[in-house]
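Shown next, in structure tokens, is the structure this report addresses.
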Amino acid sequence: MKLFVSDGNPHCVKVLAVLEFTGVKCDVKHVNHEERVVPYLSRPALPALLLPSGTHLFSPNSICQYLIELNGQESSDIVNQWLEWEATELQEMVSVADVVLWAALYPILSDSSLVSGNQTLQLWFERVGMLAACVSAVQTVLQGKGLKAESLKTYLQRQPTTHHGQGQVQGRGTQPCNSPEGGGDDDCVLSEEEIQSAVVTWGKGLTDLPMVPERQHPILPQEGKRNVLVTSALPYVNNVPHLGNIIGCVLSADVFARYGRLRGWNVLYVCGTDEYGTATENKAREEGLTAQQICDKYHAVHASIYQWFQVDFDFFGRTTTKKQTEIAQNIFWRLHERGFLLEDIVEQLRCEACQRFLADRFVEGTCPFCSYPEARGDQCDKCGKLINAVELREPTCKVCSQTPVVQSSKHLFLDLPKLEAELEQWLERSTGSGDWTANAKQITRSWVRDGLKPRCITRDLKWGTPVPHPDFSDKVFYVWFDAPIGYLSITANYTDQWEKWWKNPQQVELYNFMAKDNVPFHSVVFPCSLLGAQDNYTLVNHLVATEYLNYEDTKFSKSRGVGVFGDMAKDTGIPSDVWRFYLLYLRPEGQDSAFSWVDMATKNNSELLNNLGNFINRAGMFVSKFFESCVPAMALQQEDKRLLAQVGWELKQYINLMDRVKIRDALKCILNISRHGNQYIQVNEPWKKIKGDETDRQRSGTVTGVSVNVACLLSVMLQPYMPTVSHTIRQQLNAPPSVTGTLLQGTGNFVCSLPVGHHIGTVSPLFQKLESEQIESLKKRFGGQQPKTTAQPATTPASDPAAQTAVNGADAERARELTLAVAEQGEKVRTLKGQKAEKTVIGAEVTKLLELKKQLSLAEGKDPEPVLTKGKTTAQPATTPASDPAAQTAVNGADAERARELTLAVAEQGEKVRTLKGQKAEKTVIGAEVTKLLELKKQLSLAEGKDPEPVLTKGKKK
């Protein structure tokens, strides 16, 4: 990159400051004011940033924002607002936005009586209007007459009236399907040409459209077709997947693969279980089986779960195969021969109690970078940085909780720095042309920005793909190197012509689906392995990563019985299609989302039962009841034609979104169509008109015929999301088989697929209501043993058995989760206070914080009352540590884990106090923070088993 700046230009100050602040590497060149750096602009524009792709950025704020995002930081809403204000309010220069806004308001603001009293607005309007371009444009279009121009009146009279739902202005450039609840009658402005085009498409019928052929195995790339290879992250074999695992990879990939087949693409969807590694060995030891037996057992469990969820793999394989060994070892030797492997001595953690070297997933400790207490041995989930296990502070073995020791061993490394330049070139091409999700791009940028380091590819284990090098024959491949090769070996077990998919980047598009924690291995590490092998491998074109799905207000936990896991969902009595619908409705595309039983029932009862199901059932019932199950004649009026155009517009939005893997947003388009259909039926009342005269009966027939055709279209659009429901609808409507292969071709074809005289089948309801009693029962069943929060009379630990149990028995896993929750909620409270939010809002969040602290105390096996009464000034008899049993207990018994957490908290709060003092903040503000610091120090003393009084009285004179 190269940044062009000029002396004396104030806009260059900001970009140079941001460049220095972010530390982004970039050449800076000083030029004179008149030099035209951007070749396609008619005037000089500085500063300007030349990107590696040859594109120029010449807006100072855009350059700043690009540099910030390149540094791996996301621009918050408040940052964007400041940038917009600076560009539009602070600067006096006239921008394109000024001209656009001025032109839009001209007919009104040209009448000075309408803006009397707003001098700022009037001055702005006059300043922009003095531009020669604006004067000329007004004279040409409105003859300088403003509101009085006859041409303006004529234009306005020809425009249709629009209605907007939920107070949001929407137009052709927006997507009403992004709003879950939809809106009014016309969510988009439809021109007469668009309406007529929809009518023409409607009249084509199915016979005029191409058919999609049936799948025939093995599926191989075809010349002249769009060949799409879909993979989902390989689930680890000995973990039963929970709902978050399912939506994060296999279900999302299934929806896209099903959609691709409906579009006529040549799609191959492969997945399988990842079966090597220490976790399998440990599971085998626990259950008294061999590692292979464990893999066989749990592979069947996974396959059964995905089958129940109707995940339609073309092939579901596994990594413990001969093909895996052959392909992994081939890639290894190619890397070795080309000089991309290094040898080095590695210090590893070994657990003497377990008598084994510990794999990264079985080591946990404090992150050396951000002090997160639950960092894994390979990566910190909080800051995202790579970690070598020996770098962890206070490491523990997750199997036996003992402290491991460090031992040395010789290992092989992939020389990532040697491949970095080639990787960056490929990344620029792939992220620029493919549909990479924002989080995938950000995570990848942060890895590359920090500089790549050699990564160890071998491990001192028994259960894994053996390393073929004679000097390392006692080792196996590290799972991060070995597991992604599973995509190739699984395909090779599907067809011996696997190389037509995996060594064919010219013809094949590769889509990888995963949760965000898997991104670096698919965007950096695995591509480097394939680039280094230099064997024309197909690399990922579209990397689709979700955020995390949580369960209610916490995390899924099999050990604590919290959350729904794949093998439990079918026992709830709720059909798999409803599970699919809800998981896809709240798919965490842009941020984390949470499964909620109450919300699931609400969405089922409102969206499925009352909206989608109600419309489809009514449309079919009208045909059965009023027209002897035959589609009636349809004489289209303007209202019907407008509905055709509305439905066609939503269909195009659906296709546009699905093509870009916006799966959740596309689902809203389906629900919008059924809302349009319900409103159409409700306004026209075919059940009443069928009892009227000939004209009314004909009108009833038209509305019924159009509605049942909309229902048929919905059955096809639903197929990727709810395959069983989709099939049921088509059965009930006796829809021609060709509908599934025609309606989603091109940009979408809403045709009359059920013509006049078509005989439909038996219509019945599609969905059932989820009752509140059923939901409450399920919520309790899958809620685990959570601490009760119902208010109770004050009790001491001695008199309250439940509290006594909590005090005596700690839950370490729950405590770690709640420690994070307390930190996040505390940050939220501080932010609200800093923003001077309303006291009621702050109070509600403080209440949540106190409740979390209470739960944390219970999970740590402590009396929660000191947390709840923190800060209260109720008079109590003075006690010394010796006379106060609770304090005495704290003094006598130290809590090392709590002490570590509080040590960090004290350090952070101390830094905050010092900063405020350095800024000479108000004494009341500093005093409040000092009080917090003293309270933290008191808690730290208690956690360390010390008398807290010296801390509290420090500096005071008695």
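Model, not experiment: these values are computed from the prediction.
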- Donor-acceptor contact present, side-chain Asn611 to main-chain Leu671, <3.5 Å: yes
- Task: Answer yes or no: is there a donor N or O on one side and an acceptor on the other, between the side chain of Tyr582 and the main chain of Ala601, under 3.5 Å?
- Result: no
- Query: Got a second to check how far Leu612's CG is from Met722's CE, nearest 0.5 Å?
  - Reply: 7.0 Å
- Task: Report yes if some heavy atom in the side chain of Leu770 is under 4.5 Å from a heavy atom in the side chain of Thr602; otherwise report no.
- Result: no
- Classify the ring geometry between Trp597 and Phe595 as parallel (under 30°), tilted (30 to 60°) or perpendicular (over 60°). perpendicular
- Task: With rounding to the nearest 0.5 Å, note down the distance linking CZ in Arg580 to CG in Leu251.
- Result: 5.0 Å
- Roughly how far apart are Gln324 CD and Ser489 OG, rounded to 0.5 Å? 3.5 Å
- Message: Less than 4.0 angstrom from a charged side-chain N to a carboxylate O is my criterion; do Arg376 and Asp517 meet it?
- Response: no
- Using modelled atom types only, decide if a donor and an acceptor are shared between the side chain of Trp501 and the backbone of Ile219 within a distance under 3.5 Å. yes
- Does the distance from a Lys or Arg side-chain N to an Asp or Glu carboxylate O, for Asp435 and Lys662, drop under 4.0 Å? no
- Message: Which label fits His242 and Phe565: parallel for a plane angle under 30°, tilted from 30 to 60°, or perpendicular past 60°?
- Response: perpendicular
- For Tyr721 and Leu667, which heavy atoms make the closest approach, and how far apart are they? OH-N, 3.3 Å
- Donor-acceptor contact present, side-chain Glu589 to main-chain Ile663, <3.5 Å: yes
- Note on the structure: Separation between CD (Glu771) and OG (Ser777), nearest 0.5 Å, reads 13.0 Å
- Item | Between CG on residue Asn610 and OG on residue Ser674, distance to nearest 0.5 Å | 11.0 Å
- Taken to the nearest 0.5 Å, the spacing of Asp571 CG from Arg781 CZ works out to 5.5 Å
- Query: Under a 4.5 Å cut-off applied to non-hydrogen side-chain atoms, are Lys555 and Tyr548 in contact?
  - Reply: no
- Task: Only one of Phe313, Tyr306, Phe316 passes ring-ring contact (aromatic ring centres under 6.0 Å, His included) with Tyr269; say which it is.
- Result: Phe313
- Donor on one side chain, acceptor on other, Asn617 and Gln732, under 3.5 Å: no
- Item | Asp381/Lys516 ion pair, N-O < 4.0 Å | no
- Measure the acute angle between the ring planes of Tyr494 and His217, then classify it against the limits of 30° and 60° as parallel, tilted or perpendicular. perpendicular
- Item | Test item: side-chain donor near acceptor, Asp296 and Gln292, under 3.5 Å | yes
- Task: Answer yes or no: is there a donor N or O on one side and an acceptor on the other, between the side chain of His542 and the main chain of Phe513, under 3.5 Å?
- Result: no
- Quick check: does any side chain N or O of Thr728 sit under 3.5 Å from a backbone N or O of Thr724, one acting as donor and the other as acceptor? yes
- Item | Sidechain-backbone polar pair: Thr319 side chain, Glu275 backbone, donor-acceptor under 3.5 Å | yes
- Item | Check: Tyr298 side chain, Gln293 main-chain N or O, donor-acceptor pair, under 3.5 Å | no
- Query: Is a side-chain donor or acceptor of Asn518 paired with a backbone partner of Ala515 at a separation under 3.5 angstrom?
  - Reply: no
- Query: Are Lys668 and Glu650 ion-paired here, with the side-chain N under 4.0 Å from a carboxylate O?
  - Reply: no
